[in-house]
Colleague: 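One structure, pasted below without further comment.
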Protein chains: 2
Amino acid sequence: MNIGEAAKASGISRKMIRYYEEIALLEPGRTANGYRVYTPQDVHTLRFIGAARRLGFPVPDVKALLALWQDRSRSSADVKRLTDGHITALRARVAEMNAMIGTLETLAGACDGDERPDCPIINAIAAHEPGSQRG
Amino acid sequence: MNIGEAAKASGISRKMIRYYEEIALLEPGRTANGYRVYTPQDVHTLRFIGAARRLGFPVPDVKALLALWQDRSRSSADVKRLTDGHITALRARVAEMNAMIGTLETLAGACDGDERPDCPIINAIAAHEPGSQRG
DNA sequence: CGTCAACCTTACCATGATGGGAGGGTCAAG
DNA sequence: CTTGACCCTCCCATCATGGTAAGGTTGACG
């Protein structure tokens with residue numbers, strides 16, 4: 001099938017399918033006129049990529065996952081290690097954002113939100129407090 | 001003072017100071033030879049920008065915050081509205097990531113992580129389960 | 001005054017993942 | 001032979017940040 005059909009079948013945009021090829025996540029065949037041709041197995045690979053991306057794996061991780069998926073002699077330990085690393089990274093980002101949310105909520109809670117200029121939010125930022133309030 | 005000194009005084013890199021100028025967050029003066037010159041007030045602005053960025057405000061929001069900060073007739077309601085919008089965006093991203101983490105933890109918990117190839121994580125991704133129903 | 005280091009300038013490239021568009025080739029149907 | 005829906009490659013933009021290259025300025029030291 002052509003790229004358009006593969007895009008519909010996999011839920012991955014034509015643009016991204018070409019990008020994944022560029023970074024060697026898959027290598028579709030070509031017809032004589034240069035058109036990419038995709039097998040059902042290619043579509044399966046594309047769907048695998050989509051699923052991994054929806055779980056937040058960065059593309060290099062997806063590449064590793066793909067290699068593991070296609071390696072019948074893989075160790076589940078390798079998959080788990082990759083996953084645990086990703087979970088750790090995700091938790092770190094969530095923690096960062098939760099810290100921001102906490103500070104922001106406190107500040108917003110103290111702000112009257114009326115027509116007057118006095119604002120603890122602006123004041124805190126101007127005092128350079130956020131980000132150094134822990135220390 | 002020159003850009004290097006302003007960078008040290010504000011904690012913002014030279015690169016980013018030039019970038020913030022490019023997107024019109026501040027406009028330093030110039031000496032006859034073309035060197036940028038920064039006043040203590042400019043450094044204050046730079047520190048304000050850094051503080052807002054550390055709270056996760058995207059640069060366009062920082063620009064708005066800066067305008068509000070410099071507007072003595074501002075309404076604190078405007079500041080609060082901006083902040084609330086940012087909190088909402090942050091919470092949405094955290095919720096997304098927490099959903100990923102939840103799925104990932106369940107999968108990783110079911111994976112033996114040994115030398116055998118059987119792996120619920122790979123299986124789930126290959127089944128296109130995560131993130132959406134099967135298709 | 002010459003030289004060298006440490007500044008400064010602009011301009012371009014790269015990131016990660018994605019989308020948009022231009023300009024041009026191909027194919028199937030009418 | 002035309003039309004429209006495909007396909008191709010290449011370039012540009014995002015967002016915030018860092019890097020590098022090539023060149024100008026300054027200040028200190030000899």
Colleague: Is there side-chain contact between A/Tyr20 and A/Ile12, with at least one heavy-atom pair below 4.5 Å?
Modeller: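 A side-chain contact exists here, since the closest heavy-atom pair is under 4.5 Å.
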Colleague: Taking only residues at least two apart or on different chains, which pairs with a member in residues 83-104 of chain A satisfy salt bridge (Lys or Arg N to Asp or Glu O under 4.0 Å)?
Modeller: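 Non-adjacent pairs meeting salt bridge (Lys or Arg N to Asp or Glu O under 4.0 Å): A/Arg91-B/Glu105.
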Colleague: Taking 4.0 Å as the cut-off, does a side-chain nitrogen or oxygen of B/Arg14 come that near to OP1 or OP2 on C/dC8?
Modeller: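 Affirmative; the distance criterion is met.
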Colleague: Just to verify, what does A/Asp61 make a side chain to side chain donor-acceptor pair (under 3.5 Å) with, not counting sequence neighbours?
Modeller: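 Expected list: none.
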Colleague: Just verifying a value: how many Å separate A/Leu46 CG and A/Ile17 CD1, rounded to the nearest 0.5 Å?
Modeller: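 Separation between the atoms: 4.5 Å.
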Colleague: Respond yes when some side-chain nitrogen or oxygen of A/Arg53 is under 4.0 Å from OP1 or OP2 of C/dG16, and no when none is.
Modeller: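 No.
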Colleague: Rounded to whole Å, how long is the line connecting atom NZ of B/Lys63 with atom P of D/dA16?
Modeller: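 Spelled out: NZ on B/Lys63 to P on D/dA16 is 12 Å.
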Colleague: Are A/His128 and B/His44 close enough that some pair of their side-chain heavy atoms sits under 4.5 Å apart?
Modeller: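 A side-chain contact exists here, since the closest heavy-atom pair is under 4.5 Å.
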Colleague: Got a sec? Which of residues 17-31 of chain B come in under 4.0 Å of DNA chain C, heavy atoms?
Modeller: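 Contacting residues: B/Arg18, B/Arg30.
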Colleague: Rounded to the nearest angstrom, tell me the gap between atom OH in B/Tyr35 and atom P in C/dC8.
Modeller: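 The distance from OH of B/Tyr35 to P of C/dC8 comes to 8 Å, rounded to the nearest Å.
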Colleague: Using whole Å, report how far OH of B/Tyr38 lies from C1' of C/dT9.
Modeller: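 These atoms are roughly 11 Å apart.
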Colleague: Let's see if you can work this out: which of C/dA17, C/dT9, D/dC7 has an atom nearest to the side-chain heavy atoms of A/Pro60?
Modeller: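 Shortest atom-to-atom distance from the side chain points to C/dA17.
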Colleague: Which ones in residues 83-96 of chain A lie close to DNA chain D, meaning a heavy atom under 4.0 Å from one of its atoms?
Modeller: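 Result for residues 83-96 of chain A: none.
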Colleague: Salt bridge or not between A/Glu21 and A/Arg30? Use side-chain N to carboxylate O under 4.0 Å.
Modeller: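 Between A/Arg30 and A/Glu21 there is a salt bridge, with a charged N closer than 4.0 Å to a carboxylate O.
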Colleague: Tell me the bend of the helix from C/dC1-D/dG30 to C/dG30-D/dC1 as the angle between end helix axes, each from five pairs, rounded to the nearest 10 degrees.
Modeller: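 It works out to 40° between the end axes.
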Colleague: Starting from the 5' end of DNA chain C, give me the residue, B/Glu5 or A/Asn33, whose nearest nucleotide shows up first.
Modeller: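 With B/Glu5 and A/Asn33 compared, the 5'-side residue is B/Glu5.
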Colleague: If hydrophobic clusters are built by linking Ile, Leu, Val, Met, Phe, Trp and Tyr wherever their side-chain heavy atoms come under 4.5 Å apart, do A/Val43 and A/Tyr35 end up in the same one?
Modeller: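 Not linked; separate clusters.
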Colleague: Any chance the side chains of B/Asp118 and A/Ser76 put a donor and an acceptor closer than 3.5 Å?
Modeller: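 Checked: B/Asp118/A/Ser76 side chains show no N/O donor-acceptor pair below 3.5 Å.
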Colleague: Is B/Leu65 close to B/Phe48 at the side-chain level, that is, under 4.5 Å between some pair of heavy atoms?
Modeller: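 Yes, close enough: below the 4.5 Å cut-off.
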Colleague: Side-chain N or O of A/Ser13 versus OP1/OP2 of C/dG19: is the shortest distance under 4.0 Å?
Modeller: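 Yes, within the criterion.
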Colleague: What are the atom names and distances for every N/O pair under 3.5 Å that joins the protein to nucleotides 20-23 of chain C?
Modeller:
unit_1: C/dG20; atom_1: N7; unit_2: A/Lys15; atom_2: NZ; d: 3.4
unit_1: C/dG20; atom_1: O6; unit_2: A/Lys15; atom_2: NZ; d: 2.4
unit_1: C/dG21; atom_1: O6; unit_2: A/Lys15; atom_2: NZ; d: 2.8

Colleague: What is the distance, to the nearest angstrom, from the CD1 atom on B/Ile3 to the C1' atom on C/dA6?
Modeller: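 Whole-Å distance recorded here is 15 Å.
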Colleague: Does any donor atom in the side chain of B/Asp42 or B/Thr45 lie under 3.5 Å from an acceptor atom in the other side chain?
Modeller: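 Per modelled atom types, B/Asp42 and B/Thr45 side chains form no pair under 3.5 Å.
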Colleague: A/Ile49, A/Val37: one ILVMFWY side-chain cluster at the under-4.5 Å cut-off?
Modeller: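 Hydrophobic grouping puts A/Ile49 apart from A/Val37.
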Colleague: With rounding to the nearest 0.5 angstrom, report the CD1 to CG distance, A/Ile122 to B/Leu68.
Modeller: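 CG of B/Leu68 is found 5.5 Å from CD1 of A/Ile122.
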Colleague: To the nearest 0.5 Å, what is the distance between CG on A/Leu26 and OH on A/Tyr38?
Modeller: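 Rounded to the nearest 0.5 Å, the CG-OH separation comes out at 6.0 Å.
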Colleague: Taking only side-chain N and O atoms of B/Arg36, does any of them lie within less than 4.0 angstrom of OP1 or OP2 on C/dT10?
Modeller: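 Affirmative; the distance criterion is met.
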Colleague: In this structure, which one of B/Arg81, B/Lys80, B/Arg74 forms a side chain to side chain donor-acceptor pair (under 3.5 Å) with B/Asp78?
Modeller: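 Checked B/Arg81, B/Lys80, B/Arg74 against B/Asp78; only one passes side chain to side chain donor-acceptor pair (under 3.5 Å): B/Arg81.
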